[in-house]
Amino acid sequence: MKFNRRDVLKISGFSVLAMAALPRVAFAARNSLQSLRTGVQPGDKTRLVIETSTRPSYSLSYPANQLVVRLTNTAANSAVAPKLATGTLVTGITQSQSGDALIITANLRKPVSELKKNQIMVLEPNGDNDYRLVLDFVEGTPPAQTAIKSAASEYGTASSYTTASAAPTTAITAARKYIVVVDAGHGGKDPGCIGKGGTREKDIVLSVAKKLKNKLDANGFKTYLTRSGDKYLKLAERASIAEKKKADLFISLHANANPSRKMKGFSIYTLSEKASDEEAKKLAEAENAADKIGVEGFTEFEENIRIALSSLQQHAVAEMSEEYATGCAKSFKKASVEQQPGPDVRHAPFAVLRSTVPGALLELGHLSNAAEEKLLKSSSHQDKLVNAIVRSVKNYNFEI
């Protein structure tokens with residue numbers, strides 16, 4: 001037997017809030033709530049994260065001192081207790097069922113303006129997380145009263161709200177020039193890996209980095225290189241440049257090597273204390289070993305970075321890095337750049353990524369593979385890689 005909204009409202013003694021107690025099967029919902037949590041982002045932004053089992057379809061409304069999220073075809077989950085961080089605009093979160101829709105209401109200390117598209121993001125599943133609808137907001141002017149209509153006709157509550165069908169997007173129009181730091185790996189006395197034909201990693205990635213800077217600048221970004229010549233830099237210095245330039249995104253370029261000459265394809269990594277697989281672990285160890293050429297200062301950097309970063313910042317940076325890396329992998333595949341077998345995004349403790357700046361390490365291909373070594377030396381293939389990276393940067397939501 002199915003119930004719709006009108007049927008349930010007619011049942012004596014039942015309120016909209018009581019609907020949450022009805023069996024999920026009654027609403028034939030395909031999606032379900034997994035978790036609710038808030039956090040603080042740089043710029044005193046409040047972040048609301050709604051985790052669901054499948055990709056959410058949603059709309060937003062703005063009653064007085066509230067933000068209401070309506071998730072269609074989604075079941076409530078009374079076992080989910082919201083995890084509320086201190087220092088946010090959210091004082092409490094409730095959930096209720098309205099037909100096949102889940103209504104999540106965030107009570108706020110102060111009103112907020114209607115969220116723009118660049119304040120909204122849907123993250124793909126990764127690690128222990130399912131789909132996440134991420135909303136970032138600050139105190140603002142609530143939507144115009146002329147757009148407000150009675151909520152009783154829709155949700156059966158006494159509140160008022162503005163219906164805003166907000167479609168998520170990752171494309172952004174920069175109100176300012178976003179800053180991207182491009183890191184050409186290795187350099188100077190550290191050649192990186194060397195192909196059978198003598199091609200050095202440090203030369204390939206520097207060539208790509210220079211092309212990438214020119215293309216990003218031409219697309220309205222402010223781009224800096226960690227090195228513009230054959231110079232050796234310790235990993236701490238590379239991360240420090242991104243910090244000092246107040247970068248919005250950090251991209252570290254590398255080329256890979258593998259004991260198997262048959263292995264080829266790009267791979268993308270983000271920072272994690274635990275490697276996602278044995279290959280990722282070995283790669284991180286190999287890249288981090290570059291600092292053994294000049295050890296002084298590395299352990300100090302490690303300690304200082306850990307002190308400088310709060311766990312909240314680390315979590316936020318990790319999520320933003322994951323979002324960029326996922327988009328970058330899609331961009332490479334869309335450009336028909338061959339991918340190394342395995343997941344789109346891998347994770348490992350790369351020292352160069354230890355920073356408050358979101359970023360990823362891109363292995364552009366395998367110099368240990370003769371065919372790919374030839375490709376990586378090709379100007380046309382480098383242009384193909386650059387165009388794919390530029391597309392990923394343009395599609396990245398810098399405002400999360």
Side-chain angles (χ1 to χ4, degrees), residues 180 182-216 218-219 223 225-233 238 251-269 277-280 282-290 293 325 327-346 348 350 352 360-393:
V180 181
V182 177
D183 171 47
H186 307 279
K189 55 189 175 182
D190 174 20
C193 60
I194 301 175
K196 190 175 181 179
T199 307
R200 300 180 299 184
E201 177 182 2
K202 67 175 184 177
D203 298 328
I204 294 298
V205 295
L206 180 59
S207 176
V208 174
K210 288 180 175 180
K211 290 184 176 186
L212 181 55
K213 171 180 165 49
N214 291 338
K215 197 71 179 282
L216 285 173
N219 276 272
T223 316
L225 299 178
T226 56
R227 66 180 181 94
S228 56
D230 189 16
K231 179 182 180 182
Y232 171 75
L233 291 171
R238 298 172 189 270
I251 301 173
S252 188
L253 303 177
H254 293 259
N256 212 340
N258 192 285
S260 171
R261 298 282 182 177
K262 294 182 180 180
M263 183 64 74
K264 58 181 177 177
F266 78 86
S267 54
I268 300 178
Y269 295 81
D277 53 69
E278 188 62 27
E279 184 179 354
K282 289 180 179 178
L283 180 61
E285 289 172 350
E287 297 292 358
N288 293 347
I293 298 173
C328 188
K330 290 180 179 178
S331 185
F332 272 139
K333 288 189 286 186
K334 188 173 182 180
S336 299
V337 179
E338 186 169 357
Q339 181 180 17
Q340 178 181 334
D344 286 355
V345 180
R346 304 181 184 215
F350 290 100
V352 74
L361 186 146
L362 314 185
E363 294 284 356
L364 302 175
H366 286 71
L367 285 174
S368 51
N369 179 282
E372 203 154 65
E373 177 184 7
K374 185 177 180 180
L375 263 183
L376 289 169
K377 290 170 62 178
S378 161
S379 179
S380 61
H381 185 70
Q382 289 183 13
D383 290 341
K384 186 177 184 178
L385 293 170
V386 166
N387 289 335
I389 297 171
V390 169
R391 188 181 305 113
S392 72
V393 175

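Values below: every heavy atom of this structure, side chains too, minus hydrogens, waters and symmetry copies.
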Backbone of G327 reached by a side-chain donor or acceptor of S392 within 3.5 Å: no

For the student: nearest non-hydrogen atoms of R227 and L206, plus distance: O-CD1, 3.5 Å

Non-hydrogen atoms of V205 and L253 that approach each other most closely: CG1-O, 3.5 Å

Side chain to side chain, L364 and H254, heavy atoms closer than 4.5 Å: no

Gap separating the CG atom of L361 from the CZ atom of R346, nearest 0.5 angstrom: 12.5 Å

NZ/NE/NH1/NH2 to OD/OE distance under 4.0 Å, K330 and D344: no

I204 vs K377, side chain to side chain contact (heavy atoms under 4.5 Å, CB included): CA-CA, chis, key distance, verdict: CA-CA 7 Å; I204 294 298; K377 290 170 62 178; 4.0 Å; yes

Pairing of K264 and E338 as salt bridge, 4.0 angstrom limit: yes

Side-chain (D183) to main-chain (R238) donor-acceptor, under 3.5 angstrom: no

V182 and T223, any side-chain heavy atoms less than 4.5 Å apart: yes

Side chains of K215 and I389 in contact at under 4.5 Å (non-hydrogen atoms): no

Worked verdict on N258 versus N369 for side chain to side chain contact (heavy atoms under 4.5 Å, CB included): CA-CA 8 Å; N258 192 285; N369 179 282; over 6 Å; no

Spacing of NZ belonging to K374 relative to OG1 belonging to T199, to within rounding of 0.5 Å: 11.5 Å

Over 12 non-hydrogen atoms of neighbours within 6.0 angstrom of NZ in K333: yes

Any donor-acceptor N/O pair, E373 side chain to G197 backbone, under 3.5 Å: yes

Rounded distance [0.5 Å steps], NZ in K196 versus OG in S368: 11.5 Å

V208 side chain reached by L376 side chain, heavy atoms, under 4.5 Å: no

Nearest-0.5 Å distance, CD1 of residue I268 to CD of residue E363: 10.5 Å

Close side-chain approach of C193 and N256, heavy atoms under 4.5 Å: no

Shortest non-hydrogen separation from K211 to S379 and the atoms involved: NZ-OG, 2.8 Å

Student check: side-chain heavy atoms of H381 and K384 closer than 4.5 Å: yes

Exam field: side chain D190 to backbone H186, donor-acceptor pair closer than 3.5 Å: no

Side-chain heavy-atom pair S267, Q339 within 4.5 angstrom cut-off: no

Heavy-atom side-chain contact between E372 and F266 under 4.5 Å: no

Exam field: side chain H366 to backbone G265, donor-acceptor pair closer than 3.5 Å: yes

Minimum heavy-atom distance L367-R200, with the two atoms named: CD1-C, 4.1 Å

Distance, nearest 0.5 Å, that separates NZ of K202 from CG of D230: 3.5 Å

